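Take this structure, written in structure tokens, and hold onto it; I'll ask about it next.
In what follows, chains are A, B, ... by sequence order, proteins preceding strands, each numbered from 1. Keep in mind that this is a model prediction, so the values were computed, not measured.
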There are 2 protein chains.
Amino acid sequence: MPTIKDIARLAGVSVTTVSRALNGYSDVSEATRQKIKKIAEELNYTPNSIARGLVMKKTNTVGLVVSEIIKPGVYHPFFLEVLSGIKAALHRSGYDIILFTVDPESQGKTSYERLCKERKVDGTIVQGLKLSDPYIEQIKSTDIPTVLIDIPILTERVGYVSSDNVKGAFDAVNYLVQLGHRKIGLINGHKDAAVSIERLEGYRKALEHYGIPYDERYVAYGDYTQQSGAEAFKKLLREVPQITAVFCASDLMAVGALKAAGEMGKKVPDEISIVGFDDIELSTLITPNLTTIRQEKYRIGYKAAELLLSIIRGEKPRHAVIPHRLVVRQSTRLYLQDTRRAGHCTDAAVQQNPGERSNESAS
Amino acid sequence: MPTIKDIARLAGVSVTTVSRALNGYSDVSEATRQKIKKIAEELNYTPNSIARGLVMKKTNTVGLVVSEIIKPGVYHPFFLEVLSGIKAALHRSGYDIILFTVDPESQGKTSYERLCKERKVDGTIVQGLKLSDPYIEQIKSTDIPTVLIDIPILTERVGYVSSDNVKGAFDAVNYLVQLGHRKIGLINGHKDAAVSIERLEGYRKALEHYGIPYDERYVAYGDYTQQSGAEAFKKLLREVPQITAVFCASDLMAVGALKAAGEMGKKVPDEISIVGFDDIELSTLITPNLTTIRQEKYRIGYKAAELLLSIIRGEKPRHAVIPHRLVVRQSTRLYLQDTRRAGHCTDAAVQQNPGERSNESAS
DNA sequence: ATCACTTCCCAAAACGTTTTGGATCCAATT
DNA sequence: AATTGGATCCAAAACGTTTTGGGAAGTGAT
């Protein structure tokens with residue numbers, strides 16, 4: 001592999017000059033610059049970013065730590081789209097991604113700092129951690145530029161991006177109430193995920209807003225998987241069979257609920273309305289199509305990368321919130337108090353327009 | 001950040017000794033080794049893998065190049081599972097992944113060699129390229145250890161792993177024929193994907209095996225997306241409405257076909273049988289559940305990583321084939337010649353057992 | 001002729017490791 | 001007493017860049 005030295009020898013100049021010529025410094029004549037470039041071209045010279053990284057203390061690399069998302073059995077559809085946004089933003093700036101996966105076990109063995117400093121990444125984007133993960137505490141006091149997705153930590157060097165989960169959950173429940181529902185269940189994610197806490201808060205706020213008392217028997221917990229959604233749904237229906245609607249903290253769990261409803265002979269949306277959260281591709285592929293709160297996953301990723309780059313440049317970290325919106329599809333319908341009519345009358349405005357009519361809800 | 005030099009100074013030894021102590025060489029006394037380790041611990045020393053990489057000419061990093069998989073709109077569910085397997089295998093050996101995404105445009109700008117040599121990866125796993133991509137030719141003559149997924153290239157330094165696509169397609173069509181179908185359509189992927197060619201071959205072989213003439217009007221092409229599957233299905237039904245079954249080269253396209261069938265009022269499986277390829281999670285979430293050829297995606301990834309590591313170690317590249325299997329679910333059923341009975345009689349053995357009864361088909 | 005500027009170039013240090021090729025000391029063997 | 005051999009250590013080179021702090025030559029003004 002040719003190095004800068006080879007070029008220098010061939011061109012009859014010093015390595016300094018080659019370096020400066022190739023990097024566009026002005027203190028090298030146009031003639032020699034051309035000569036050097038030509039030779040570099042002929043040798044098919046490729047700069048060694050490792051050597052460069054060593055002296056510059058900058059690798060143009062960001063770490064992406066994901067927890068439990070990439071493991072057999074749990075393939076969170078969310079991840080790919082976010083990754084896609086991250087890639088796009090980083091690529092423009094010449095950064096590459098190095099992928100760290102961490103399970104709770106490996107978090108015990110290798111500290112967050114060590115993970116990052118060993119590979120000398122310039123910064124890190126973190127996704128999928130639970131609040132109970134050891135890294136959370138470590139990140140609170142790190143000096144490594146860090147951007148978290150969906151975890152609210154803001155320090156001198158770490159920022160985060162998320163949807164407005166409180167508002168999102170509020171919007172979902174609000175919509176159900178407006179449809180006439182009063183007995184609304186919640187299938188939430190694990191209690192130690194930041195988003196779960198926020199979505200619960202939004203759920204409670206919406207109930208409170210309409211003077212509907214909060215009853216904890218109405219909330220069940222899953223772990224964001226489809227199976228857990230199905231189980232939670234069954235539990236809910238067993239314990240509070242009077243519910244007419246349920247809001248699920250993720251589409252995957254909503255799909256599970258949908259399946260469970262099918263097995264139990266409960267018709268959706270005629271007998272029970274379901275709204276999800278995320279708007280993954282799957283939600284338009286199942287029957288009925290899922291009414292949900294759409295998160296702009298690509299934008300979340302893109303923004304996370306932009307924010308990280310700004311922190312690396314020395315700017316102050318901040319919290320970026322990406323707008324969500326309610327997407328009305330087929331899994332929700334009007335609930336009428338009058339039991340004789342319930343389940344038979346549809347609201348044309350809502351039901352007949354299953355398209356992406358949505359309420360933009362920036363925050 | 002503390003370096004090996006700091007440790008050397010504090011311990012009163014040379015950097016050589018520190019390096020050798022930390023790396024477990026035998027020519028350092030247990031006493032000094034312990035002292036050095038203790039100091040390293042106290043300083044919270046982290047070895048600089050960049051510096052190490054520079055002198056050792058080895059980065060313990062492999063590149064993962066993916067084409068068009070990670071981009072807005074096309075989130076191939078396949079990718080995550082394969083990635084998961086790759087991660088698992090590499091992690092055990094202390095390798096990290098660096099993610100390269102390449103579109104046809106960037107392939108023009110940066111050669112495959114340059115991409116890899118610039119970041120000094122020890123090897124590369126390549127997924128999602130089409131045969132028409134510029135990198136294909138470059139990979140055929142590269143000396144960079146490379147493993148391709150689903151692309152048959154075998155040289156001194158590059159190997160590949162795939163399912164037996166010919167056999168897989170054969171098995172799918174064979175199953176349909178055994179169910180009594182004779183007029184079987186094919187929804188294939190783009191012609192310049194290696195797997196498409198192989199699956200077409202399997203389709204033809206199966207027909208030939210049963211003496212069913214091949215008719216190219218029975219094959220339509222999509223691009224592995226759901227939408228294209230739906231369109232291809234409509235085209236097929238328009239041009240050869242007599243078909244009673246169709247084999248799709250991917251589950252995503254099969255789902256599209258399923259949707260299109262629904263829109264056109266064609267009942268699946270009563271009026272038409274559909275079998276897919278891949279067995280993505282989605283195929284158990286839609287109604288009816290999809291009969292499909294299951295690919296062991298995690299294993300494919302795992303094997304690809306193992307193979308790559310062996311090539312890096314200097315072993316000879318090879319072609320690893322990962323067994324697939326037919327998974328019978330609900331989208332296929334018996335076809336009876338007698339039109340009076342067609343669509344009304346179900347074969348209990350096939351229909352009533354939608355579980356994962358499958359024919360292991362190693363090759 | 002001198003001075004002050006430019007313009008163009010370079011030697012050497014630095015980045016943090018690993019590796020090479022001994023050197024030193026001490027004990028055991030001849 | 002001299003030699004061998006093992007155990008323990010180290011100075012220096014090497015990896016391929018960038019950066020620092022100049023130096024030499026040329027030009028124009030004084």
Checking the side chain of B:Ser310 only, and the main-chain atoms of B:Glu315 only, is there a donor and an acceptor separated by less than 3.5 Å? no

Quiz item: Base, sugar-phosphate, or nothing for B:Thr3, non-hydrogen atoms under 4.0 angstrom?
Solution: sugar-phosphate

task: Give one of base, sugar-phosphate or nothing for B:Ser29, where a contact means two heavy atoms less than 4.0 Å apart.
output: sugar-phosphate

**Prompt:** Hey, does B:Thr32 reach any base, or is it just sugar-phosphate, or nothing, if we go heavy atoms under 4.0 Å?
**Reply:** sugar-phosphate

Ranking B:Val28 and B:Val55 by the position along DNA chain D of their nearest nucleotide, the one closer to 5' is B:Val28

Exercise. Please check if atom NZ in B:Lys58 has more than 12 non-hydrogen atoms from other residues, nucleotides or ligands closer than 6.0 Å.
Key: yes

The side-chain hydrogen bond (donor to acceptor under 3.5 Å, both in side chains) partner of B:Ser163 among B:Lys297, B:Glu296, B:Arg299, B:Gln295 is B:Gln295

Span of DNA chain C engaged by chain B, first through last nucleotide within the 4.0 Å heavy-atom cut-off, is C:dG16 to C:dT20

### Whether B:Thr3 side chain and B:Lys5 backbone form a donor-acceptor pair below 3.5 Å
yes

Margin query: Need one value for A:Asn48: base, sugar-phosphate or nothing, where a base atom within 4.0 Å counts as base even if backbone is also close, heavy atoms only.
Written below: sugar-phosphate

Tightest non-hydrogen contact, residues A:Gly301 and A:Ile86, listed as O-CG1, 3.4 Å

Comparing nearest nucleotides in DNA chain C, the 5'-proximal residue of the pair B:Asp27, A:Thr17 is A:Thr17

Looking only at heavy atoms, the pair that brings B:Thr124 and B:Val121 closest together is OG1-CG2, 3.8 Å

